[in-house]
Student: 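Sharing a structure below in structure tokens format, with a few things to ask.
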Amino acid sequence: MKLKTIFMLIVMVVSMALPSVTSVVTPTTTAKASVTYVCNLSKKEKRAKAWIARKESGGNYRARNGRYYGKYQLTISMLHGDYSKANQENTADRYAHSRYGTWTQAKHHWLGYGWF
């Protein structure tokens with residue numbers, strides 16, 4: 001009986017300290033949006049993108065190196081919790097175009113510095 005009392009006391013203290021615990025335990029339903037990837041790159045750009053993917057991860061969408069994840073070894077924070085192939089492709093395109101202008105220029109950077 002004493003063990004049960006101690007257990008109940010611990011549960012009560014934890015529930016007061018962490019009121020959101022009940023929401024974690026309660027099952028919830030979430031909708032997951034379907035993201036698709038449409039490639040509009042030229043053949044030259046596709047080759048440069050594929051070259052970078054081989055260098056970064058061997059083309060593996062699940063490759064991990066510290067805080068870097070996926071085919072293009074993007075930071076986990078850039079992927080916003082969505083590790084899908086489509087999101088990795090879209091995010092990599094946005095990153096390459098915003099930072100380097102083109103995948104070809106990104107490849108030139110990789111050749112010079114060894115990273116994308």
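What you see is a predicted model; the values in this text were computed from it and never measured.
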Student: Tell me, please, which residues at least two apart from S84 pass side-chain contact (heavy atoms from CB on, under 4.5 Å).
Tutor: D82, A86, N87
Student: Answer yes or no: is there a side-chain heavy-atom contact under 4.5 Å between L41 and D93?
Tutor: yes
Student: Residues in side-chain hydrogen bond (donor to acceptor under 3.5 Å, both in side chains) with S77, at least two apart?
Tutor: T75
Student: I'd like to know if the side chain of Q73 and the backbone of S57 have a donor-acceptor N/O pair within less than 3.5 Å.
Tutor: no
Student: So, using ring pair (Phe, Tyr, Trp, His ring centres under 6.0 Å) as the criterion, who are the partners of Y83 when residues are at least two apart?
Tutor: Y69
Student: Is the shortest heavy-atom distance from the side chain of F116 to the side chain of H109 under 4.5 Å?
Tutor: no
Student: Are Y68 and W115 linked, directly or through intermediate hydrophobic residues, by side-chain heavy-atom contacts shorter than 4.5 Å (ILVMFWY only)?
Tutor: no
Student: Considering residues at least two apart in sequence or located in another chain, which fulfil the side-chain hydrogen bond (donor to acceptor under 3.5 Å, both in side chains) criterion with S42?
Tutor: none
Student: Are Y61 and V38 linked, directly or through other ILVMFWY residues, by side chains that come within less than 4.5 angstrom of each other?
Tutor: no
Student: Could you list the residues that satisfy side-chain contact (heavy atoms from CB on, under 4.5 Å) with N90, not counting sequence neighbours?
Tutor: V35, Y37, R94
Student: Can you sort out the partners of H108 under ring pair (Phe, Tyr, Trp, His ring centres under 6.0 Å), two or more places apart, ordered by chain and number?
Tutor: none
Student: Who are the salt bridge (Lys or Arg N to Asp or Glu O under 4.0 Å) partners of E45, not counting sequence neighbours?
Tutor: none
Student: For residues 50-78, which residue pairs pass the salt bridge (charged side-chain N to carboxylate O under 4.0 Å, His left out) check, not counting sequence neighbours?
Tutor: K71-E89
Student: Less than 4.5 Å apart, side chain to side chain, heavy atoms only: is that true for W51 and L111?
Tutor: yes
Student: If Ile, Leu, Val, Met, Phe, Trp and Tyr residues are connected whenever their side-chain heavy atoms lie under 4.5 Å apart, and connections chain through other members, are Y72 and Y95 in the same group?
Tutor: yes
Student: Indicate the atoms forming the closest heavy-atom contact of Q88 with L74, along with that distance.
Tutor: O-CD1, 4.0 Å
Student: Do K107 and T104 come close enough that some side-chain heavy atom pair is under 4.5 Å?
Tutor: no
Student: Is it true that atom OH of Y100 has more than 12 heavy atoms of other residues, nucleotides or ligands lying nearer than 6.0 Å?
Tutor: yes
